[in-house]
Amino acid sequence: MQLSSQYDPSSIEDKWYQVWMDQQAFRSVPDQRPPYTITIPPPNVTGILHMGHILNNTIQDVLIRRKRMQGFNACWVPGTDHASIATEAKVVQMLAQQGIKKSDLAREDFLAHAFAWKEKYGGIILSQLRKLGASCDWERTAFTMDEGYSKEVIQVFCDLYRKGYVYRGVRMVNWDPSAQTAVSDEEVNHKETQGHLYHLRYEIEGRHGEAVVIATTRPETILGDTAIAIHPEDERYTHLHGARAIVPLVGRSIPIILDTYVDREFGTGCLKITPAHDVNDYEIGIRHRLPVIDAINPDGTISAAGELYVGQDRFAVRKQIAKDLDAAGHLVKQEPYTHAVGYSERTNAAIEPRLSQQWFLKMKDISQPALQAVTDGEVKLIPDKFVNTYRHWMENVRDWCLSRQLWWGHRIPAWYIVGTDQVVVAENEALALQQARELTANPSLTMADLSQDEDVLDTWASSWLWPISVFKGISEPENEEIRYYYPTNDLVTAPEILFFWVARMIIAGYEYRGQKPFQNVYLTGIVRDDQRRKMSKSLGNSPDPLDLIAQYGADAVRVGMLLASPAGNDLLYKEILMEQGRNFANKIWNAFRLVMSWETSQEVPGDRDLLAIDWMTNKLDASLLEIQDHFDKFRISDALMSVYKLIWDDFCSWFLEMIKPDYGKPISQAAKEGTVVLFEKLLQVLHPFMPFMSEELWHGLRERPASDLICLSSMPEAATPNLANLEEVALIQEIITTVRSFRKDKGIAFKEPVALFVNTEQAATFERYRSLLDRFLNLSELSFVADQPGGTGSMRVRSHEMYIPMANVDTEAEREKILKEIDYTEGFLTSVMKKLSNEKFVGSAPAQVVEIERKKQADAEAKLEVLRKSLNELGGGN
RNA sequence: GGGGGAUUAGCUCAGUUGGUUUAGAGCGCUUGCUUCACACGCAAGAGGUCACUGGUUCGAAUCCAGUAUCUCCCACCA
């Protein structure tokens, strides 16, 4: 068999994914096994795979594949989110390119376009996940606007309304003038923005020449001014109590009011009040029963109520009104000023605080169990530092604005009775009509008398049901699936959406199932570039994951991503990580090539073979325990690093070097079989991380039926490792390393056999591992001595001293080397003795700890003895 | 402004209720090696006063206080 020395993933990955699909390897249906369930954080239906998805989904796949191999009924539910704002924005953009304006379309027509778009491009991301190797049960693929799912979303809204949690009210919302919708607090990014602080002069009504000066960053909002506020105890302005001011340009008379909200230190200490366009002003307006002048239209232009500049954009007006105010003598000064401005996360438009009718969910009561669950550890956050953040947020939770002024989404199931201000909320038209008839006591009402709310629900008002609704847990609360799979086990997501999504899922879980939705929440970091900048399209600093997979292979990409990403830490992406993953794959591939190249004989295994297999078996057991421990603590990177070192260092660098036959010679059949068995176990441990290559080699190592897949095999379980054996081999390895170092140092080529003389009390150990020493050190002779033979150089491991003959012994260099070792060992001994001579230490430290120190002392003293003896023999003395 | 987190080798991070550590890993770096699985490799090696200052303790990278720097979340002064 001729195999390339470089592993080529491209020819293998698609092949195995197809086999897995054909054999329904990832299909899950309820059965007798315990379930292990993950519901995917549904990506935007129109999204494409980015580096964050790679990290996130690799972690999920590692978890799910491992549990699948550990005998759980592993179920990973995939799907997509309709992502109302993002998707609608894309559709609007797509239509614009075709010369179609959204405003020219009827709702139904627009939705037809949107669904057509979704059919065409929706779910591309899911097919991309297959390239990564994601072992989802694709038959379960869900979408938050599927018919059944939508039904549950509506049902929940109606239920919450009936329970009194949902209400409708006029509130100041974050208005996105570009998308023309309200967005949630969480979807607003505050950014430091360079602007100006304008000092404006308002004349006092009826007092000629007298004026008050206010400071504002938004002069255009004076069109909506309905008061000036001063602090009641501000002595500079007591003469203004009860007076009225005139709004410049507009000429409107407004009261001067007293409110402690005003900060006397800021600006002039006078604050203009625009209740319609500022959150704080709105609240002050309510306290003082001020009129509200809505001077800005939904699209960001000045409204008729503003009187001036009607129809012009707010930013254009800001510039113009400053000039006009200046010309009219009202602009006292204008200074550069940096302040935080809110921008829409979706459209990046400057947010306009705006009053509007919205639907809200009261959060205080409904969120209590969810707060409790996380504080009590019923739901675990990993890493747990997020618990504090979570608690802080939940304790100060604000009502959730549920409505969005969009078409793409779940239309709010509220109907207004035309000509009245009455509203009914119901699951469907028929029920709504029935309720409306009862409400109005008018049985002759028809649908024509009802008009449905135009708004849709916030996306999160559907995705918060995700772990429930993918199993139809709302509409069929007792069905077999929800009872089997819920609560799910782990959720893997980004900390950015801890409140958007995770907290709300927990709330919904307790409200609708009376149980948590998942046990553990693993919060990944954010993928950044090597300068710690977030990966973004506009910066162009994000590689295309599919290119990376094509270039390095999915297994390598998975390994590369995981190697540098402990939970909760950001991942600094570097191409070199991908190379490391690829190199690892290549290493394994070559180990495979080596083993496959061995010819076998029927001889019994040699001593070296037996030692090697025995040690590797122990090493594997020890590593299995370590790996399990890492997984228990969600230390996925560490678990991978353990596998990496187990394969690269222990298996390839040591075991294969121990067992491989001399060139051109066969290996005993039994030894080869032992090697294959170990290799198979390694591949199984590796499988969750590198599913494709492990499956390929699983089938390459041994003839097996096509149905014998590694992904469905049973994960090896750890036996108790023989620690004495591991300890002994560790000593032998240390000796090998030391002698190799000595050879290199003295320029003795490996090809040149050497004699090794050893002064040790453990000659038996050396003898027992003689065959390994021969193999790694190319020994011509191994003998035990009591003194250093002449013409040799020395080296020490612990208290064993070894000598190798040398042509020219540099006595001075030897002396120096030994003195240096003495120096270090004495320092070490001193620190140990400091502890041991302290009665309080011996008295209060645990016996085990004292014992360890005594051992350290004995070892150090033995070593010093050896060193001093050598020094004497060199003719030095000390 | 309020709250969290961090600060350990050039880089990214471990260090698990203070004592198996005069501190570990991976990558990078240095040196030697065309050793017949692999140069996407082998072998050996260098590299850290654990941010700083105090304190608690027989003992501190680990606990406490303060300082400095960085970072995240929340709220936001017009």
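Side chains included, hydrogens not; waters and symmetry mates left out as well; all remaining heavy atoms used. Every chain is numbered from 1 and lettered A, B, ... according to where its sequence line falls, protein lines coming before strand lines.
A residue-by-residue look at Gly827(A) and Ala845(A) shows that Ala845(A) has its nearest nucleotide of RNA chain B further toward the 5' end.
Note on Lys856(A): only backbone sugar-phosphate atoms sit closer than 4.0 angstrom, heavy atoms only; bases stay farther off. Across all strands, Glu579(A) comes closer than 4.0 Å to no nucleic acid atom at all (heavy-atom distances). Within 4.0 Å (heavy atoms only), Ser741(A) reaches sugar-phosphate atoms of the nucleic acid but no base atom. Within 4.0 Å of Lys660(A), counting heavy atoms only, lies at least one base atom of the nucleic acid. Contact annotation for Tyr644(A): backbone-only contact, meaning every heavy-atom pair under 4.0 Å involves sugar-phosphate atoms and none involves a base. Among the protein residues, Asn838(A) comes within range of the sugar-phosphate backbone only, with heavy atoms under 4.0 Å from sugar or phosphate atoms but none that close to a base. Nucleic acid contact class of Lys835(A) (heavy atoms, under 4.0 Å, all strands): none. Residue Asn280(A) is in sugar-phosphate contact alone, with no base atom involved, counting any heavy-atom pair closer than 4.0 Å across all strands shown. Counting any heavy atom pair closer than 4.0 Å across all strands shown, Ile576(A) reaches sugar-phosphate atoms only and no base atom. Within the nucleic acid shown, Tyr337(A) comes within 4.0 Å of sugar-phosphate atoms alone, with no base atom in reach, counting heavy atoms only. Within the nucleic acid shown, Pro495(A) has no heavy atom closer than 4.0 Å to any nucleic acid atom.
Judged by distance alone, with hydrogens and angles left aside, Glu657(A) brings no side-chain donor or acceptor close enough to the base of A43(B) to form a pair under 3.5 Å. Checked by distance alone, Lys840(A) brings no side-chain donor or acceptor within 3.5 Å of a matching partner on the base of U57(B). A donor N or O paired with an acceptor N or O is not found under 3.5 Å between the base of U12(B) and the side-chain atoms of Lys574(A).
The shortest distance between the side-chain N/O atoms of Trp648(A) and the OP1/OP2 oxygens of C42(B) is below 4.0 Å. In terms of phosphate contacts, Thr737(A) brings a side-chain nitrogen or oxygen within less than 4.0 Å of OP1 or OP2 of A44(B).
A distance of about 41 Å separates the P atoms of C42(B) and A60(B), rounded to the whole Å. The P atoms of A23(B) and A51(B) are separated by 15 Å, rounded to the nearest whole Å. Remark: the separation of the C1' atoms in U34(B) and A46(B) is 26 Å, to the nearest Å.
Nucleotide C38(B) holds its C1' atom 14 Å from the CH2 atom of Trp598(A), rounded to whole Å.
Nucleotide C63(B) forms a Watson-Crick or G-U wobble pair with G55(B), both donor-acceptor distances falling under 3.5 Å.
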